[in-house]
Amino acid sequence: MSDLYTQLVNNPIGKLVASNVGLPQPVKLDRWSPYASVVDGQALFGAAPGGRLLTAIAKVLAMVEVSTSTSLRTDLREACAAADLDAAVFNPEAPGEQRFKALVYDASGIKSSEQLAELRAFFGPSIRRVQPSGRVLVVGTPPENAGSPKEAAAQRALEGFVRSLGKELRYGATAQLVYVAPGAEDDITSTLRFLLAPKSAYVSGQVLRVTPAPDTPENPGALDWDLPLAGKVALVTGASRGIGAAIATVLARDGAHVVGLDVPALGDDLRDLMDELDGSAFELDITDVDAGEQLVTHLTAAHGGVDVVVHNAGITRDKTLGRMSADQWDLVIGINLTAEERLNDALLEAGTLRKGGRIVCVSSMNGIAGAAGQTNYATSKAGVIGMVEAMAPVVAKQGHTINAVAPGFIETAMTAAMPIGPREAGRRMNSVSQGGLPVDVAEAIAFFAKPVSGGLNGNVLRVCGQSLLGA
Ligand code: NAP
């Protein structure tokens with residue numbers, strides 16, 4: 001979908017006018033390409049004294065082969081040596097033009113409000129050195145795992161810091177916070193790789209929680225990170241178009257055999273896309289009373305089971321509540337929430353979801369913030385978040401994970417049809433001043449779908465460019 005404003009402000013005259021008048025200046029965000037490295041530039045690695053995640057972070061930086069600088073502090077030097085990371089010395093006082101594509105900071109050593117000054121000491125001199133589409137990652141301890149109320153408060157304070165930093169950064173740069181539970185130090189690889197890479201282009205100001213995975217790989221560096229889903233079967237509902245088509249395409253790129261599901265009326269489009277992706281099409285209305293049974297029978301007979309389930313199919317039927325019919329209410333709740341619950345029950349009860357299964361649900365920012373005219377839709381999408389949070393401990397017992405992605409304003413046929421006022425507000429009212437692309441949602445889903453993402457369970461990740469709504 002075209003964003004004419006972004007095209008205009010990216011030509012020399014438009015840029016000058018926008019900057020003089022103080023209008024938003026969205027830039028073209030870096031996105032994945034087959035030739036791009038995880039970090040296309042240099043990284044600066046820092047830590048508050050006493051951090052417990054230094055070596056784990058250094059290992060990820062070494063694995064993605066990013067040229068890294070750090071200070072002369074002994075603990076940082078030792079962590080780099082332990083991870084075989086050859087780090088140059090960064091002196092913030094030295095004059096120079098050194099710029100960074102990523103700032104990565106271990107804040108787990110911060111145990112009191114006084115020690116929060118460490119954040120300013122590190123980021124103060126470095127934040128203006130972040131390049132366009134750069135990444136700021138702060139890694140800490142979940143407040144619920146802190147050893148004292150003061151440590152819990154200081155770790156919780158990181159959220160405010162990171163969310164504000166996300167709003168201060170410019171030119172498509174983003175900031176995120178990753179809370180790593182004790183024992184999950186070796187399970188951070190997929191999270192850090194995703195958040196450092198262009199794949200997370202439209203994710204900012206977010207908090208992810210990593211807990212110990214049941215199946216931590218011994219040597220993540222030896223995994224095939226280009227084809228992480230090789231040999232896996234991935235079901236995507238609502239796959240014939242829009243965000244669902246992008247999800248199917250990205251999961252196929254990552255090596256999965258995609259089973260695309262959509263209503264029979266869209267069967268032709270669905271088959272065309274699945275032919276392109278070497279996947280297979282399955283026509284089904286997910287609200288059919290026996291939809292779960294049909295799905296279990298099909299997946300078992302045709303594929304011997306399924307490894308990844310993406311609940312993407314969803315609809316809107318907008319009306320203010322006083323004007324909303326019972327049908328409009330029931331249809332939206334039925335497709336967006338009840339059908340997902342029923343399919344999950346069927347797949348789990350029959351054991352069709354194979355060990356280490358990944359369920360990823362598409363919620364919505366409006367399920368978090370609410371939206372006038374969408375009481376039915378926001379109710380259904382908030383319910384999806386509730387389902388993910390409640391099911392996470394249940395599916396963990398069977399070795400699976402369940403997470404949700406909550407898109408903000410995404411450039412699709414649906415948002416192109418919006419009236420210009422709300423459409424432009426949706427596009428600009430976020431930290432990167434533009435709408436996201438379907439592929440941005442798809443990349444977040446592919447991240448949760450990876451076998452190596454077993455440490456992520458019960459998360460809700462917004463893909464909204466840090467929208468001001470519901471923040
Ligand atoms: P879309 O283009 O309308 O695609 C949704 C697909 O799901 C359609 O092919 C649709 O078919 C299918 N579907 C609907 N009911 C179904 C049923 N009962 N059984 C099987 N398939 C069914 O929507 P989209 O914009 O790509 O959105 C995809 C998901 O992202 C939805 O869950 C949506 O709520 C969510 N989302 C989108 C945005 C955005 O900005 N676009 C933002 C936040 C969240 P039909 O033709 O029958 O409807």
Side-chain angles (χ1 to χ4, degrees), residues 1 3 202 235-250 259-274 281-292 294-295 298 309-318 330-343 360-371 374 376-385 387-388 404-418 422-423 425-427 430 434-442 444-445 460-465 467 469-470:
M1 303 304 133
D3 176 355
Y202 202 58
L235 172 78
V236 181
T237 69
S240 70
R241 65 174 196 222
I243 294 173
I247 297 167
T249 305
V250 168
V259 181
L261 179 156
D262 218 313
V263 285
L266 293 168
D268 287 347
D269 290 350
L270 183 67
R271 273 190 300 279
D272 286 351
L273 179 64
M274 290 306 126
F282 184 51
E283 294 172 25
L284 178 73
D285 184 328
I286 57 170
T287 60
D288 283 355
V289 272
D290 63 345
Q294 287 190 56
L295 191 59
H298 174 78
V309 175
V310 182
H311 291 296
N312 162 75
I315 61 159
T316 51
R317 291 292 182 273
D318 297 355
D330 293 344
L331 201 61
V332 169
I333 303 287
I335 292 175
N336 294 3
L337 180 56
T338 314
E340 294 188 13
E341 292 175 322
R342 288 191 183 149
L343 293 188
V360 193
C361 306
V362 180
S363 175
S364 166
M365 192 182 70
N366 288 357
I368 297 168
Q374 290 201 322
N376 50 358
Y377 182 76
T379 301
S380 71
K381 294 296 186 178
V384 167
I385 293 173
M387 175 181 78
V388 164
V405 166
F409 184 99
I410 304 297
E411 302 283 358
T412 60
M414 187 181 94
T415 47
M418 287 166 73
R423 188 172 71 222
R427 271 185 179 145
N430 59 66
Q434 59 193 286
L437 301 181
V439 71
D440 299 327
V441 180
I445 286 171
V460 178
L461 180 65
R462 287 172 53 159
V463 181
C464 65
S467 169
L469 302 176

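Each ligand, and each atom within it, is numbered from 1 in the order the structure gives. Atoms considered below: every heavy atom in the structure, side chains included; atoms not considered: hydrogens, waters and symmetry mates.
- Among the atoms of Ile410, some N or O lies under 3.5 angstrom from an N or O of ligand 1.
- Atom numbering of ligand 1 starts at 1 in the shown order; those under 4.0 Å from a heavy atom of Asp285 are 17 (C), 18 (N), 19 (N).
- Near Gly238, the atoms of ligand 1 lying under 4.0 angstrom from a non-hydrogen atom of the residue are 6 (C), 7 (O), 12 (C).
- Atom CD of Gln294 sits about 10.5 Å away from atom CG of Leu343, to the nearest 0.5 Å.
- The nearest protein atom to atom 39 (C) of ligand 1, hydrogens excluded, is given as Met414 CE, 3.6 Å; this is a heavy-atom distance.
- Residue Asn336 does not touch ligand 1, judged by heavy-atom distances below 4.0 Å.
- Using 4.0 Å as the threshold, Ala339 has no heavy atom nearer than that to any atom of ligand 1.
- Taking OG from Ser380 and CZ from Arg317, the interatomic distance works out to 12.0 Å, rounded to the nearest 0.5 Å.
- Of the candidates Leu284, Ile315, Leu261, Val332, it is Ile315 that places a heavy atom closest to atom 14 (C) of ligand 1.
- Regarding atom 41 (N) of ligand 1, its nearest protein heavy-atom neighbour is Thr412 OG1, 3.1 Å.
- Annotation: atom 19 (N) of ligand 1 to nearest protein heavy atom, Ile286 N, 3.0 Å.
- The protein atom (non-hydrogen) at minimum distance from atom 2 (O) of ligand 1 is Arg241 NE, 2.9 Å.
- Contact atoms of ligand 1 toward Thr415: 40 (O) (distance under 4.0 Å to a heavy atom of the residue).
- By the criterion of a heavy-atom distance under 4.0 Å, both the backbone and the side chain of Ile243 are placed next to ligand 1.
- Lys381 places no side-chain N or O within 3.5 Å of a backbone atom of Gly370 that could act as its donor or acceptor partner.
- Between the CG atom of Asp262 and the CG atom of Leu270 there is a distance of 5.5 Å, given to the nearest 0.5 Å.
- For ligand 1 and Ser363, the ligand atoms under 4.0 Å from any heavy atom of the residue are 44 (C).
- For the side-chain contact (heavy atoms from CB on, under 4.5 Å) with Ile445, the lone residue among Val463, Leu461, Asn312, Val362 that qualifies is Val362.
- Put simply, the side chain of Ser364 gets close to the backbone of Asn366: a donor and an acceptor are under 3.5 Å apart.
- Contacts between Lys381 and ligand 1, counted as non-hydrogen atom pairs separated by less than 4.0 Å, involve the side chain only.
- Those atoms of ligand 1 with a heavy atom of Val362 less than 4.0 angstrom away are 29 (C), 30 (O), 35 (C).
- If you look at Ala265 next to ligand 1, there are no close heavy atoms at all, none under 4.0 Å.
- For atom 10 (C) of ligand 1, the closest heavy atom belonging to the protein is Asp262 OD1, 3.8 Å.
- Within the 4.0 angstrom cut-off, atom 23 (O) of ligand 1 has no protein heavy-atom neighbours.
- Counting heavy atoms under 4.0 Å from ligand 1, residue Leu266 touches it through the side chain alone.
- Polar contact with ligand 1: present for Tyr377 (N/O pair, distance under 3.5 Å).
- With a 4.0 Å cut-off on non-hydrogen atoms, Asn312 touches ligand 1 through its backbone as well as its side chain.
- The closest protein non-hydrogen atom to atom 42 (C) of ligand 1 is Gly408 O, 3.3 Å.
- By the criterion of a heavy-atom distance under 4.0 Å, the side chain of Ile335, and not its backbone, is placed next to ligand 1.
- Between the Asn430 side chain and the Gln434 main chain, a donor and an acceptor come within less than 3.5 Å of each other.
- For atom 5 (C) of ligand 1, the nearest protein heavy atom (residue, atom name, distance) is Gly314 O, 3.8 Å.
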Full working for side chain to side chain contact (heavy atoms under 4.5 Å, CB included) between Thr249 and Leu273: CA-CA 9 Å; Thr249 305; Leu273 179 64; 4.3 Å; yes
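- Looking at Ser240 against ligand 1, only its side chain comes within 4.0 Å, counting heavy atoms.
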Worked check of side chain to side chain contact (heavy atoms under 4.5 Å, CB included) between Val332 and Thr316: CA-CA 6 Å; Val332 169; Thr316 51; 5.8 Å; no
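- The single protein non-hydrogen atom nearest to atom 16 (C) of ligand 1 is Val263 CG1, 3.8 Å, given as residue, atom name and distance.
- With hydrogens and angles disregarded, a donor-acceptor distance shorter than 3.5 Å links the side chain of Asp285 to the backbone of Thr287.
- Listed by number with element, the atoms of ligand 1 under 4.0 angstrom from any heavy atom of Gly242 are 26 (O).
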